[in-house]
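In this text the structure is predicted, and so the values were computed from the model without any measurement. Naming convention: chains lettered A, B, ... in sequence-line order (proteins, then strands); numbering from 1 in each chain.
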Amino acid sequence: MFKRNMRQWMMRITTYADRLVDDLELLDWTDAIKAMQRNWIGRSNGAKVDFASEAGPISVFTTRPDTLFGASFMVLSPEHPFVDQLADPARTPGIAEEIAAYRTQAEGKKEFELQDDTREKTGVFTGAYATNPVNGEPVPIWIADYVLMGYGTGAIMAVPCGDTRDFEFARKFNLPIPAIQEPPASWFEERGLDVTLDTRQWPEAFVGDAPYVNSTNEHLQLDGLVNKVEGIAVMNAWLERSGAGETTVNYKLRDWLFSRQRYWGEPFPIVYDADGNPHSVPDSMLPVELPETDQFAPRTFDADDAMSNPESPLDRLDDWMNVELDLGDGLQTYRRDSNVMPQWAGSCWYQMRYIDPLNDDRFCAVENEEYWMGPRTDVRPDHPGGIDLYVGGVEHAVLHLLYARFWHKVLFDLGHVSSVEPYARLFNQGYIQAYAFKDEREIYVEAAEVVGNTDDGWTHNGEPVTREYGKMGKSLKNAVSPDEMYEAYGADTLRLYEMTGGPLDSSRPWETRDVVGMYRFLQRLWRNVIDESTGECTVVDTPADADTLKLLHRTIDFVRTEMDELHFNTAIAKLIELNNAVTKLDATPREVAEPMVAMLAPLVPHIAEELWSKLGHGSGRDDGGTITYVDFPVADPLLLVDDTVELPIQINGKVRSRVSVATDADKATIEAAALADPKVIEALAGGEPKKLIVVPGRMINIVV
RNA sequence: GCCGACGUAGCCCAAUUGGCAGAGGCACAGGCUUUAGGUGCCUGUCAGUGCGGGUUCGAGUCCCGCCGUCGGCACCA
């Protein structure tokens with residue numbers, strides 16, 4: 001395997017970094033996902049500082065310009081473009097070879113090794129020095145793989161007294177560690193030291209706020225300041241004044257590599273002329289479609305042939321690759337771009353195609369986008385627009401969801417959409433997980449074949465196994481096929497089981513034995529409406545009794561609210577409660593059965609549709625009988641209130657008695673009722689309560 | 001290391017957002033139905049807010065400190 005530089009398409013998502021961070025405020029997304037996106041974009045405020053060197057000024061990015069006086073060496077990433085110029089073999093014999101060797105071993109490191117921050121620091125001194133702009137001191141320039149070319153400028157000013165990594169590096173290579181802050185006495189105490197500015201005694205770097213020392217020259221003074229906010233402000237002002245640097249914002253987010261060297265994907269609408277200059281193909285030739293082929297594999301090369309050029313599957317299809325066009329300079333032969341776009345190219349905007357799927361001219365008509373996705377300023381003034389609700393897995397937190405937001409903003413800037421964001425509300429459903437089991441060789445065994453329990457342990461074919469927990473899948477051998485559940489219980493039971501186990505956004509273990517509970521519920525529901533032996537509908541047209549009617553309307557009220565909030569688990573629990581109550585009746589009144597079935601329709605559409613039909617509403621679309629378009633029931637507010645309410649009476653915060661009062665009773669009435677309670681009289685023993693708290697409709701608390 | 005979520009009964013989970021700890025399901029026990037079986041029906045039991053402080057008349061809920069689990073990022077200057 002070898003690395004190779006390639007010419008590829010990039011999307012300049014970094015120019016949208018600020019808007020992608022700031023507009024998160026407009027979104028009805030969870031804080032967790034917003035935090036992940038902020039973290040991924042990684043905006044940090046700091047300063048760019050130039051250190052003069054023989055290869056030219058070396059720019060560094062730092063969030064702590066206030067520590068510039070402590071910058072006693074510099075570290076460049078091994079791939080930094082200045083390295084070869086700085087490493088002068090005339091000054092340091094053999095340096096070029098040493099650096100080449102270091103680069104090779106750094107490149108060879110696996111990614112997980114590079115990310116392991118406990119790994120011992122390594123590096124090479126280039127032999128060159130730069131100048132610290134704040135004090136004119138020469139500082140040695142090193143290269144080390146703990147500085148990443150992909151972040152900031154690929155070079156850092158090392159402040160070993162105040163940065164853990166720089167401290168470790170200085171210790172390893174015996175570099176001086178000048179102190180520029182005096183840590184508080186407590187810092188030394190915790191480390192069993194006397195207060196000292198002799199950093200040779202420090203066990204680690206001091207990171208934080210402390211009074212500055214050795215941080216003054218004729219132009220600026222940090223000594224005397226005690227916090228970094230002030231220190232940074234003073235230093236930044238000097239950097240701008242002196243021209244040695246400037247304040248800047250840095251991002252972790254990189255530009256988006258948009259080319260793939262494979263067959264499947266949208267081809268780029270780009271052709272190259274004989275001189276290799278790119279041209280976009282004329283609109284009349286859009287869209288550029290993939291050519292037919294039966295050769296999808298990339299070309300393979302001799303493993304040692306480091307000079308070979310990669311070839312994408314499209315490259316060799318010359319009939320397609322070469323195209324005769326008149327782009328204004330007469331008919332000429334052009335060669336197509338042989339890259340294709342990544343899968344995100346489609347997932348960034350597929351949702352807009354749904355709102356105008358037959359449109360041949362545009363991805364969707366302007367008015368369709370405005371109707372379905374335009375900003376809902378009636379909901380809130382800063383509503384960004386976008387689709388109302390997007391349900392998906394949290395695994396898309398930073399790639400799909402960030403790319404789609406970027407893409408949408410580009411379309412907005414180009415005037416193609418009226419919404420600034422694609423997904424106004426995002427909901428991440430949890431995963432159904434399952435236990436997985438490993439044998440003594442640490443190999444996963446089929447979870448379905450494991451027997452045992454938590455107390456006695458678990459075995460597989462008689463061998464002891466250990467239990468883990470994770471996403472269902474082939475690798476953990478713990479998947480439960482939905483087909484089996486469907487075969488055994490039907491789709492409605494499976495749906496209900498998945499929705500009722502807990503909140504939609506929480507992950508939880510699959511428990512096959514629990515599924516039967518929902519199956520029983522649906523059977524009870526069926527029997528409440530249908531005679532099992534005859535198949536006839538058994539509901540009666542006599543009115544429901546008062547209690548049942550109240551329960552029905554409370555259920556309607558509750559389920560409506562909970563469905564809106566996507567709290568399917570609690571909605572289902574309430575519907576089971578209602579059904580259980582109906583089961584106890586001699587016959588099911590139609591005025592209860594119909595709204596109950598209507599409420600269940602979104603949750604268990606198949607059995608609900610069947611019951612609706614059996615209730616006499618025709619048999620489906622043709623005679624208008626489908627339940628799909630039946631309005632969700634609405635609760636009668638008059639049936640939601642009771643005449644009387646039983647309130648708990650607490651004495652010193654513990655429930656000691658109860659009292660029934662009229663629902664609309666005022667405080668004084670409730671107070672009088674509570675004080676007349678025998679238990680209260682006994683507790684007061686003739687005295688006055690120290691305090692009496694009455695919360696109408698809730699409770700009474702008496703402090704004695 | 002940083003960021004985020006979470007911790008309630010044997011298990012999965014509720015709790016009107018500071019107000020009676022228990023809605024629902026599973027499991028368990030007893031009974032019923034059935035030729036039989038349970039993927040049928042009825043009745044019922046037990047016990048719990050991770051730990052330590054604080055605020056409050058009142059804390060599962062708010063605050064502080066620990067412990068633990070899960071997820072994301074990570075030598076990010």
Scan nucleotides 14-20 of chain B against the protein and return all N/O pairs shorter than 3.5 Å with their distances rounded to 0.1 Å.
from: U16(B); atom 1: N3; to: R698(A); atom 2: NH1; distance (Å): 3.4
from: C20(B); atom 1: O2; to: R658(A); atom 2: NH1; distance (Å): 2.1
from: C20(B); atom 1: O2; to: R658(A); atom 2: NH2; distance (Å): 2.7
from: C20(B); atom 1: N3; to: R658(A); atom 2: NH1; distance (Å): 3.1

Please produce a list of atom pairs where a protein N or O lies less than 3.5 Å from an N or O of nucleotides 30-40 of chain B.
from: U39(B); atom 1: O2; to: Y519(A); atom 2: OH; distance (Å): 3.2
from: G40(B); atom 1: OP1; to: R520(A); atom 2: NE; distance (Å): 3.0
from: G40(B); atom 1: OP2; to: R520(A); atom 2: NE; distance (Å): 3.1
from: G40(B); atom 1: OP2; to: R520(A); atom 2: NH2; distance (Å): 3.4
from: G40(B); atom 1: O3'; to: R527(A); atom 2: NH2; distance (Å): 3.3

Under-3.5 Å N/O pairs linking protein and nucleotides 5-8 of chain B:
none

Pairs: protein N or O with nucleotides 68-73 of chain B N or O, under 3.5 Å:
from: C73(B); atom 1: O2'; to: N39(A); atom 2: OD1; distance (Å): 3.3

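Base orientation of U17(B): syn, since the glycosidic angle falls within 90° of 0.
A salt bridge links D642(A) to R554(A): at least one charged side-chain nitrogen sits closer than 4.0 Å to a carboxylate oxygen.
Considering only residues two or more places apart in sequence or on other chains, N236(A) meets the side-chain hydrogen bond (donor to acceptor under 3.5 Å, both in side chains) condition with none of them. Residues passing the side-chain contact (heavy atoms from CB on, under 4.5 Å) test with S77(A), sequence neighbours excluded: E79(A), V147(A), M149(A). In this structure, the side-chain contact (heavy atoms from CB on, under 4.5 Å) partners of I693(A), at least two apart in sequence or on a different chain, are K691(A), V695(A), N701(A). By the side-chain contact (heavy atoms from CB on, under 4.5 Å) test, K679(A) pairs with S657(A), D677(A), sequence neighbours left out. Partners of Y251(A) by side-chain hydrogen bond (donor to acceptor under 3.5 Å, both in side chains), not counting sequence neighbours, listed by chain and number: D18(A).
In the region residues 146-159 of chain A, proximity to RNA chain B at under 4.0 angstrom, judged on heavy atoms, holds for Y146(A), V147(A), L148(A), Y151(A), I156(A). Taking a 4.0 Å limit (strictly below) on heavy-atom distances, residues 490-498 of chain A does not reach RNA chain B anywhere.
The stretch residues 491-506 of chain A participates, sequence neighbours left out, in these side chain to side chain donor-acceptor pair (under 3.5 Å) pairs: D492(A)-H606(A).
Comparing G10(B), C76(B), G25(B) against the side chain of R165(A) picks out C76(B) as the nearest.
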